[in-house]
Amino acid sequence: MASTQHRTITPFYRFAARGVIIPCLKAVSRQQVTGLENIPRSGGFVAVANHLSELDSLTAMRALVDADVPVYSLAKSSLFEIPVLGHVFKAGGQIPVYRGTDKAGNALVEAERRLRAGDAIMVFPEGTLSRDPLQWPMTGKTGAARLAMATGVPVLPMGQWGPQDILDSFEGGGFHPFPRKDVRVSIGEPFTLEAFGSDTTDRDAVREATAEIMRRITAIVEDLRGLKAPRPYDLHYDGNPGKNKHGRDKRGTRRPDPLPGQEGDGEAQA
């Protein structure tokens with residue numbers, strides 16, 4: 001089990017978050033957060049959220065940092081190579097994910113170590129920006145479930161809506177800082193994955209735990225949007241649209257709802 005120690009924000013983390021990142025976010029957004037009372041006040045936990053824009057990793061983390069909870073995210077390694085931002089990520093203790101390399105598993109090992117030490121880890125279980133043309137959460141990858149099952153820490157579900165109006169990361173989109181946009185973040189009640197056991201080699205249990213995580217996130221997004229979500233977009237079934245010739249992500253196209261047994265297996269690891 002994870003430590004129950006209280007967390008502290010280091011001076012550099014405080015400077016990077018409150019002196020640089022949060023002021024920039026305030027310049028382009030009006031952020032409203034509900035559910036702050038649900039944040040565990042001690043011990044490790046895995047925060048999970050939907051992913052629509054390259055900006056929403058910062059807006060989700062801001063909701064926790066504003067509540068004096070330092071949080072560390074698993075971020076794609078290319079972000080650590082960006083001038084200034086990359087230095088902030090490194091010095092702030094964020095965890096790089098080297099996709100498609102022999103270092104890919106190192107991120108989960110480091111995240112598990114920090115959870116056991118009492119830190120909060122942010123994971124976007126979709127593993128990439130949602131390709132759903134309707135902008136709902138997709139099926140999830142299994143990294144968040146594996147971390148929570150292995151450590152026994154609670155999962156804190158979060159939903160957000162609005163960052164995609166500031167930074168549309170897909171082809172045809174772009175950065176639209178003005179006028180300032182509303183960003184709404186809702187934090188749900190923490191829950192554990194005890195019902196699914198702790199054996200992360202049990203593929204069925206891990207898949208079911210991942211589906212439960214995505215159900216919780218989707219329910220929060222439904223409340224934020226005031227709409228009922230359709231079945232999750234599945235990259236294995238609906239297809240991965242990839243990128244355009246300029247390297248910009250493309251949104252997908254939903255196929256007709258699958259017959260039983262046609263859905264993807266959701267077995268991606270992190």
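Looking at Ser29, its side chain never comes within 3.5 Å of a backbone N or O of Val183 through a donor-acceptor pair. Using a distance-only test at 3.5 Å, with no hydrogens or angles considered, a donor-acceptor pair links the side chain of Arg255 to the main chain of Tyr237.
Residues in residues 145-166 take part in no ring pair (Phe, Tyr, Trp, His ring centres under 6.0 Å) pair, two or more places apart or across chains. The side chain to side chain donor-acceptor pair (under 3.5 Å) analysis of residues 213-223, with sequence neighbours excluded, yields the pairs Glu212-Arg215, Glu212-Arg216. Annotation: ring pair (Phe, Tyr, Trp, His ring centres under 6.0 Å) contacts involving residues 137-158, sequence neighbours excluded, are absent.
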Show the numbers, then the answer: is there a side-chain hydrogen bond (donor to acceptor under 3.5 Å, both in side chains) between Ser73 and Gln94? CA-CA 5 Å; Ser73 69; Gln94 306 309 309; 3.2 Å; yes
Could you give the side-chain donor-acceptor pairs of residues 32-40 under 3.5 Å, partners two or more places apart or in another chain?
residue	atom	partner	partner atom	Å
Thr34	OG1	Ser186	OG	3.4
Asn38	ND2	Ile187	O	2.9
Asn38	ND2	Gly188	O	3.4

Please report, to 0.1 Å, the donor-acceptor pairs under 3.5 Å made by any side chain of residues 189-198, with sequence neighbours excluded.
none

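With a 6.0 Å radius and a threshold of 12 heavy atoms from other residues, nucleotides or ligands, Lys103 has its NZ atom at or below the threshold.
Residues satisfying the side chain to side chain contact (heavy atoms under 4.5 Å, CB included) criterion with Leu227, sequence neighbours excluded, are Trp136, Arg225. Applying the ring-ring contact (aromatic ring centres under 6.0 Å, His included) test to Phe170 and every residue at least two apart in sequence or in another chain returns nothing. Listed by chain and residue number, Ile166, Phe175, Pro177 satisfy the side chain to side chain contact (heavy atoms under 4.5 Å, CB included) test with Val28 (two or more places apart in sequence, or in another chain). The ring-ring contact (aromatic ring centres under 6.0 Å, His included) search around Phe124 returns His51, not counting sequence neighbours. Applying the side chain to side chain donor-acceptor pair (under 3.5 Å) criterion to Arg248, with sequence neighbours excluded, gives no partner residue. In this structure, Asp202 has no side chain to side chain donor-acceptor pair (under 3.5 Å) partners at least two apart in sequence or on a different chain. By the side chain to side chain donor-acceptor pair (under 3.5 Å) test, Asp182 pairs with Arg30, sequence neighbours left out.
Gln31 and Thr59 share no side-chain donor-acceptor pair at under 3.5 Å.
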